[in-house]
Amino acid sequence: MSTSPGSSNPEYVTTRVRSRRSVLFNDEDYRKLIRMGPAEIARFMEESEYEREINALGARHSGVDLIEYALNRNLAKHFNDLLDWADGRLYDLIARYLRKFDAWNVKTVLRGIYSEADSADVETDLIRAGEMDDRLLDRLLDAGSIEEVIDLLDRTTFADPLRAALEEYEETGVLVPLENAVDRVFYEQLLSDLPGGEANQTYREFLEAEIDFRNARNALRLARSGADIDPSEYYIEGGQLFGASQLSAIGGNVEELVAVIRDSTYGDDLDSALDEFEAADSLISFERALDVALLEYSDRLGFIHPLSVAPIVSYILAKEREVDNIRAIARGREAGLSEEEIEEELVIL
Amino acid sequence: MAEDVKPTRKNLMAIEDRIELSERGHDTLEQKRDGLIMEFMDILDQAQDIREDLDANYETAQRKINMARAMEGDVAVRGAAAALKEHPEITTQSKNIMGVVVPQIESSRVRKSLDQRGYGLLGSSARIDEAADAYEELLESIILAAEVETAMKKMLTEIETTKRRVNALEFKLLPDLHENKEYIEQKLEEQEREEIFRLKKIKAKKEEEESEAAATEAESELEVVEVGD
């Protein structure tokens, strides 16, 4: 996958990723976890990959919060390792995907300032898995105003769009323009300056699928909410499923949106989820189907191009899914959900 | 109590006036009590329906937020909640139901569209939307329940008060007044009887004195005649 030999090391990183992937929880582990209470889950995690994080955070947190923070910290550690191992072009390909955590952290800091939350509370909510280093994140935590945060982000891709959205934020008084600007930057930089080559073409397809799925879920959410918002305002460029003008023309017509998705290349994968969405008028199962489809797609790409960024991205998604699944089990048990209900919510391939 | 009242005609008239007023008040209060009970029964039906809706909405909202916390993470849900600045507002007015002032609660900015919730659409999920929807619906039910249940409690207090007043009139005040009236009437009758008896006595005494005086006069006339002979 490397376009400039010597500057990229996909063989090394994919080998290490394969070993990391082998220690991810399997079906049997999930089956055990579903039958456990939060304390047992924490104990189970203590004897697994998550030992260090559970021990480090055990004194400060307890119960499901401990599990969630340990999961986030472990996720950050693994993804930081990926960035440490990768060189050259591969680093760029991985980093552009992991910038979603930078986007998450920027939004978390902005929300903290907006709601005047304590910086210690905001700090626990950060997931240090992106490209931003600890020093920058700590300085962001110390920032006292949104303008200061934007100034600190000057050398990142987030600064200019945030600055552009600042005026609208000041007019409306809600964080929506800033949050959308941050998310839009993340999605738009995914495909910008993506190098050529066969393996990169499949990576491009995967990223386009991610953007398409995000556009599809947002368009359906907007249509279902009945809000008087032009869906093209939230459209992310780069996908193949809709065009901005097509979305504007469809407006809030749910049936038409569903028909467009059914007729697309994703139609076969999402058919049953769309049926369920139309029957129950709930997007949750549809979103789960999108997650499953993306996970399967990344797995498939990983098999087709084993020495490219594809298996690495596939691992990133699988690791995120593991974290989501364990958190879902722990929170579900805490909330008193039945084993069947939790099992239904998990995404296991 | 009856002994405390002076048995005078003036008091009797005052008591009769009070009895009349109290009986009128008693009838009015009874009507008010019955009217309040009817209104209360209507509100009770409404309150039961609202309470059922509230319970159902609470269950749904809890379920949805638990699901959102489970699938999106507590951090994401808290983050989305922190993004909200436009908090719902309520204003209270009052309306009058049969003399009972009950609140009328108007709410605004409870239901929000996706762009008013503060969190970005691009980075959030339908689970958070559904949890927010469910909580907005729950909040509306809570406000409605607060209005109806406060009205119900106020009506209940008023019914109790009215009932106590009706009972006080029926079992305490009116019997006391009637007793007083009876006492004064008896006393007055007694006084009248005494007066008649006294008058009769005086009359009899007077008649006796008169007859005595006539006899004395007749005797003296007889003596004068005898001396003259």
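Reminder, nothing fancy here: chain letters follow the sequence lines and each chain counts from 1.
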- So, does A:Arg221 use its side chain to make a donor-acceptor pair with the main chain of B:Ser124 at under 3.5 Å?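 Side chain of A:Arg221 to backbone of B:Ser124: a pair is present.
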Indicate the atoms forming the closest heavy-atom contact of [X] with [Y], along with that distance.
X: B:Ala126; Y: A:Leu283; value: CB-CB, 3.5 Å
X: B:Ala70; Y: A:Gly332; value: CB-N, 4.1 Å
X: A:Arg327; Y: B:Glu72; value: NH2-C, 3.4 Å

- Query: chain B: which of A:Asp125, A:Leu175, A:Leu71, A:Asn215 shares the most heavy-atom pairs with it under 4.5 Å?
  - Reply: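 Heavy-atom pair counts peak at A:Asp125.
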Which value, rounded to the nearest 0.5 Å, describes the distance between [X] atom [atom1] and [Y] atom [atom2]?
X: A:Arg184; Y: B:Leu121; atom1: CZ; atom2: CG; answer: 10.0 Å
X: B:Lys112; Y: A:Ser225; atom1: NZ; atom2: OG; answer: 14.5 Å
X: A:Leu220; Y: B:Asp129; atom1: CG; atom2: CG; answer: 11.5 Å
X: B:Arg127; Y: A:Arg288; atom1: CZ; atom2: CZ; answer: 6.0 Å

Within the 4.5 Å heavy-atom criterion, are [X] and [Y] side-chain neighbours or not?
X: A:Ile284; Y: B:Glu130; answer: yes
X: A:Arg111; Y: B:Tyr119; answer: yes
X: A:Glu341; Y: B:Arg63; answer: yes
X: A:Tyr234; Y: B:Leu122; answer: yes
X: A:Asp324; Y: B:Met71; answer: no

- Please flag which part of B:Ala76 lies under 4.5 Å from any non-hydrogen atom of chain A: side chain, backbone, both or neither.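 Both parts, backbone and side chain.
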- Message: Does any backbone or side-chain atom of A:Ile329 lie under 4.5 Å from a heavy atom of chain B? Answer side chain, backbone, both or neither.
- Response: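 Neither the backbone nor the side chain of A:Ile329 comes within 4.5 Å of chain B.
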